[in-house]
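Okay, structure first, notes after.
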Amino acid sequence: MNTAEPTAMPEWERYRVQRAEHEFASVRKEPRVAYLLWCLTGLIGGHRFYLGDTGRSIAMLFTLGGLGVWALLDVFLIGRRVAAVNRTRRESIMARYGILDATAL
């Protein structure tokens with residue numbers, strides 16, 4: 001009887017997945033960093049620059065966070081925004097490597 005799993009991944013495929021995971025780990029955004037930037041630079045949109053929202057960051061910079069309103073609301077939205085940015089980055093990296101991301105299903 002064959003004891004090997006029929007769904008075992010070939011070694012070259014494992015390396016490809018590991019390369020993709022490593023690339024994602026290098027561009028992944030951390031919620032703690034985003035919240036820290038919000039605390040330190042919330043009025044000028046530093047946390048949005050970190051997450052890649054350049055247009056909104058510049059708007060916050062010139063309006064001092066919408067006179068504090070945007071900055072205050074962002075404390076409730078940062079977690080979801082970080083998750084959305086990470087999801088988008090992971091999907092694009094996995095697609096570039098030709099890997100179907102099972103967590104996205």
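Side-chain atoms are counted along with the backbone in the values below, which use heavy atoms only and exclude waters and symmetry mates. As the structure is a prediction and not an experimental result, all values here were calculated from the model. Position 1 is the first residue of the sequence, and the numbers go up from there.
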Not counting sequence neighbours, list each pair that qualifies as a side-chain hydrogen bond (donor to acceptor under 3.5 Å, both in side chains) and has a residue in residues 60-81.
H47-D74, R48-D74, D53-R81
Output every pair passing salt bridge (Lys or Arg N to Asp or Glu O under 4.0 Å) with a member in residues 56-72, not counting sequence neighbours, ordered by first then second residue.
none
Salt bridge (Lys or Arg N to Asp or Glu O under 4.0 Å) filter on R16, not counting sequence neighbours, yields E13
Supply the atom-to-atom distance L43 CG to M60 CE, rounded to the nearest 0.5 angstrom.
7.0 Å
Could you see if F24 belongs to whatever hydrophobic cluster contains V85? Use Ile, Leu, Val, Met, Phe, Trp, Tyr and a side-chain cutoff under 4.5 Å.
no
Rounded to the nearest 0.5 Å, what separation is found between the CG atom of L51 and the CG atom of N86?
8.5 Å
From L61 CG over to T54 OG1, what is the distance, rounded to the nearest 0.5 angstrom?
11.5 Å
Quick check for you: to the nearest 0.5 Å, what is the distance between Q18 atom CD and E21 atom CD?
9.0 Å
Shortest non-hydrogen contact between A71 and G42, atoms and distance
CB-O, 3.6 Å
How is the hydrophobic cluster of F49 composed, in terms of its other members, when Ile, Leu, Val, Met, Phe, Trp and Tyr link through side-chain heavy atoms under 4.5 Å apart, directly or indirectly?
I58, F62
Write down the atom of G45, the atom of S57, and the distance for their closest heavy-atom approach.
O-OG, 3.7 Å
Can any side-chain N or O of K29 pair as donor or acceptor with the backbone N or O of Y50 at less than 3.5 Å?
yes
Identify, with sequence neighbours excluded, every residue that meets side-chain hydrogen bond (donor to acceptor under 3.5 Å, both in side chains) alongside E11.
Y15
Would L67 and L77 show up in the same hydrophobic cluster when neighbours are defined by side-chain heavy atoms closer than 4.5 Å?
no
List in chain and number order the residues that pass side chain to side chain contact (heavy atoms under 4.5 Å, CB included) with A20, two or more places apart in sequence or in another chain; answer none if no residue qualifies.
I93, M94, Y97, I99
State plainly whether one hydrophobic cluster holds both W12 and V17, where clusters connect Ile, Leu, Val, Met, Phe, Trp and Tyr through side-chain heavy atoms under 4.5 angstrom apart.
no
Nearest heavy-atom approach of L37 to G46 is CD1-O, 4.1 Å
